[in-house]
Amino acid sequence: MDLFTIISILMVLVSIFAYLNTRFLKLQTTIGTMIISIVFSLGILGLSKLFPELIKFEKDIVGSIDFKKLLMDGLLSFMLFAGAVHVNINELKSEKWKIVAFSSLGVVISTALIGGIFFWVLQQIGMPLPLVHCLLFGALISPTDPISVLGILKKIGIKKSMETTIVGESLFNDGVGVVVFLTLLQFASAGTSESIDALGIAENFLLEIGGGLLFGYLLGRVAHRAISKINSYETEVLITLGMVMGGYVVAGKIGVSGPLSMVVAGLFIGNRTYRQEKKEKTVDYVDKFWELIDILSNAVLFVLIGLEIVLIPFTQQLIVVGFLAAIVVIISRFLSVSVLIVLLKKWLHFDSKTSLLMTWGGLRGGISIAMALSLPEEVSWNYIVPVTYLVVIFSIIVQGLTLEKVIIRLTK
């Protein structure tokens, strides 16, 4: 099956699922389309005994798509830039120290807690995995997804400072989470930490994060200079599109964090280029273009998550482990947020419900699945991938569907 046919079939499914959600379920787009795609896949699995060609057809389509490559080398750059370009940087500045702490130290603490607790749980049920493998799972599942939760937060009208903290953390912790994951993967692949240059890894860690922030700023400045010299929405859209696609590729080539680069570039363009310059004639077109790209990218991503169920090697035992892992992730999220609040409350003000709101609002998304799928088979691939998939599904469906009620109840 050629690439155009696969893309065409995928887009037809995305449009049908989006229509069904808008017409009947009326859920937040990403949550609704993913639920429908999961039901669709389960239906195909159920009918496969009568019509085996159906399951073969879906496996051919989904199996032809490299999920990790599609997200990490494609969709992620668009989603992060599109998410950042609509964020008011002045609001981020008001909560900057909270965002920095939760998106950096928070990821590290969460990784350690999830890895440690998950390691202990697996030992108790007779399914032990190496500690470094459990820490890898902690690293890939720690980043939160801003897309699924943003629409819900805006609909409810949650306190602005809390909304900014949750969204700001989610924008930046993707990049930090990827760096932590890749660092741990070096240990896991080597088999022993003694064969790894710890100083070299620390330097690489700082280079990826610091370099990503600096490179994103430079990208934003270059694009800003070009856009400020013209007044043509068609050309401005092309400049931002070229900056995102080319910049993400270059970031990967020079060894800096592409996700962080896109976030910083998006914040720069969205605020310096448009909010300060006040280019009324073009800002509406650029905003709408990136809003559409954002919706399309996320719809494709979450439909693919639903369709991938036919390729994941689930067993009854792994389903139980996945449920336990979801509980471990929630507990660890609450503990990591609470630890940081205790450490920082002397200098920063936190609402009394911050830990609970950030815990239940910390939805997991496609980046976790993409990192899991990128693991080599010898690093417990057959265990970590199904468990990651189940945790993401639990997070998006259970937490996503109940988040509005939880927030309303906690903020009464």
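Note that the coordinates shown come from a computational prediction; the quantities given were computed from them, not determined experimentally.
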Atom pair [atom1]/[atom2] of [X] and [Y] - distance to nearest 0.5 Å:
X: Thr402; Y: Ile397; atom1: OG1; atom2: CD1; result: 11.5 Å
X: Tyr19; Y: Ile36; atom1: OH; atom2: CD1; result: 11.0 Å
X: Lys229; Y: Ile239; atom1: NZ; atom2: CD1; result: 12.0 Å
X: Lys26; Y: Asn21; atom1: NZ; atom2: CG; result: 9.0 Å
X: Ser104; Y: Ile99; atom1: OG; atom2: CD1; result: 11.0 Å
X: Glu169; Y: Phe102; atom1: CD; atom2: CZ; result: 7.0 Å

Answer whether the closest heavy-atom distance between the side chains of [X] and [Y] falls below 4.5 Å.
X: Ser257; Y: Ile209; value: no
X: Leu267; Y: Val87; value: yes
X: His133; Y: Tyr383; value: no
X: Phe137; Y: Ile114; value: yes
X: Arg333; Y: Thr359; value: yes
X: Leu307; Y: Ile61; value: no
X: Met11; Y: Leu296; value: yes
X: Ile293; Y: Trp290; value: yes

Do side-chain atoms of [X] reach the backbone of [Y] as a donor and acceptor pair under 3.5 angstrom?
X: Ser297; Y: Met79; value: no
X: Thr273; Y: Gly270; value: no
X: Thr354; Y: Phe350; value: no
X: His349; Y: Lys345; value: no

Enclosure of [X] [atom1] (heavy-atom neighbours >12, cutoff 6.0 Å):
X: Glu377; atom1: CD; answer: no
X: Met245; atom1: CE; answer: no
X: Gln124; atom1: CD; answer: yes

Q.
Any donor-acceptor pair under 3.5 Å linking the side-chain atoms of Thr144 with those of Ser170?
A. yes

Q | Residue from Ile65, Asp66, Leu70 passing side-chain contact (heavy atoms from CB on, under 4.5 Å) with Lys68 | A | Asp66

(Q) Ring-plane angle category for Tyr217 and Phe268, please: parallel below 30°, perpendicular beyond 60°, tilted otherwise. (A) perpendicular

Q. Given the rule in the side-chain contact (heavy atoms from CB on, under 4.5 Å) test, do Val180 and Leu140 qualify, once you have shown the distances and angles that lead to the verdict?
A. CA-CA 8 Å; Val180 173; Leu140 66 86; over 6 Å; no

Q) Yes or no on side-chain contact (heavy atoms from CB on, under 4.5 Å) for Phe118 and Val387, after CA distance, side-chain angles and deciding distance? A) CA-CA 11 Å; Phe118 190 56; Val387 170; 4.2 Å; yes

Q: Salt-bridge test for Asp145 and Arg364: reply yes if a basic N is under 4.0 Å from a carboxylate O, no otherwise.
A: no

Q: Give a yes or no on whether a salt bridge exists between Glu95 and Lys98, defined as a side-chain N under 4.0 angstrom from a carboxylate O.
A: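 Result for this pair is yes, salt bridge flagged.
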
Q | Pair Gln28-Thr30, side-chain hydrogen bond (donor to acceptor under 3.5 Å, both in side chains): steps then yes or no | A | CA-CA 6 Å; Gln28 201 266 348; Thr30 53; 2.5 Å; yes

Q) Using the benzene-type ring in the case of Trp, are the ring centres of Tyr389 and Phe314 under 6.0 Å apart? A)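 Yes, close enough.
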
Considering all heavy atoms, the nearest [X]-[Y] contact:
X: Pro313; Y: Leu318; value: O-CD1, 3.6 Å
X: Ser395; Y: Gln399; value: O-CB, 2.9 Å
X: Phe334; Y: Ser355; value: CE1-CB, 3.5 Å
X: Gln123; Y: Pro128; value: CG-CB, 4.2 Å
X: Thr388; Y: Ser368; value: CG2-O, 3.6 Å
X: Ser37; Y: Phe302; value: OG-O, 3.7 Å

Q.
One pair to check against side-chain hydrogen bond (donor to acceptor under 3.5 Å, both in side chains): Thr315 and Gln317. What are the steps and the verdict?
A. CA-CA 5 Å; Thr315 64; Gln317 190 179 36; 5.1 Å; no

Q: Give the C-alpha distance, both sets of side-chain angles, the deciding distance and a yes or no for side-chain contact (heavy atoms from CB on, under 4.5 Å) between Phe78 and Asp294.
A: CA-CA 7 Å; Phe78 295 115; Asp294 195 21; over 6 Å; no

Q: Output, in order, the C-alpha distance, side-chain angles, deciding distance and verdict of salt bridge (Lys or Arg N to Asp or Glu O under 4.0 Å) for Lys288 and Glu291.
A: CA-CA 5 Å; Lys288 281 185 168 55; Glu291 186 178 346; over 6 Å; no

(Q) Run Phe119 and Leu135 through side-chain contact (heavy atoms from CB on, under 4.5 Å) and show every step you take. (A) CA-CA 8 Å; Phe119 176 74; Leu135 289 171; over 6 Å; no

Q) Ser110 and Ser332: side-chain hydrogen bond (donor to acceptor under 3.5 Å, both in side chains), yes or no, with the steps? A) CA-CA 6 Å; Ser110 174; Ser332 300; over 6 Å; no

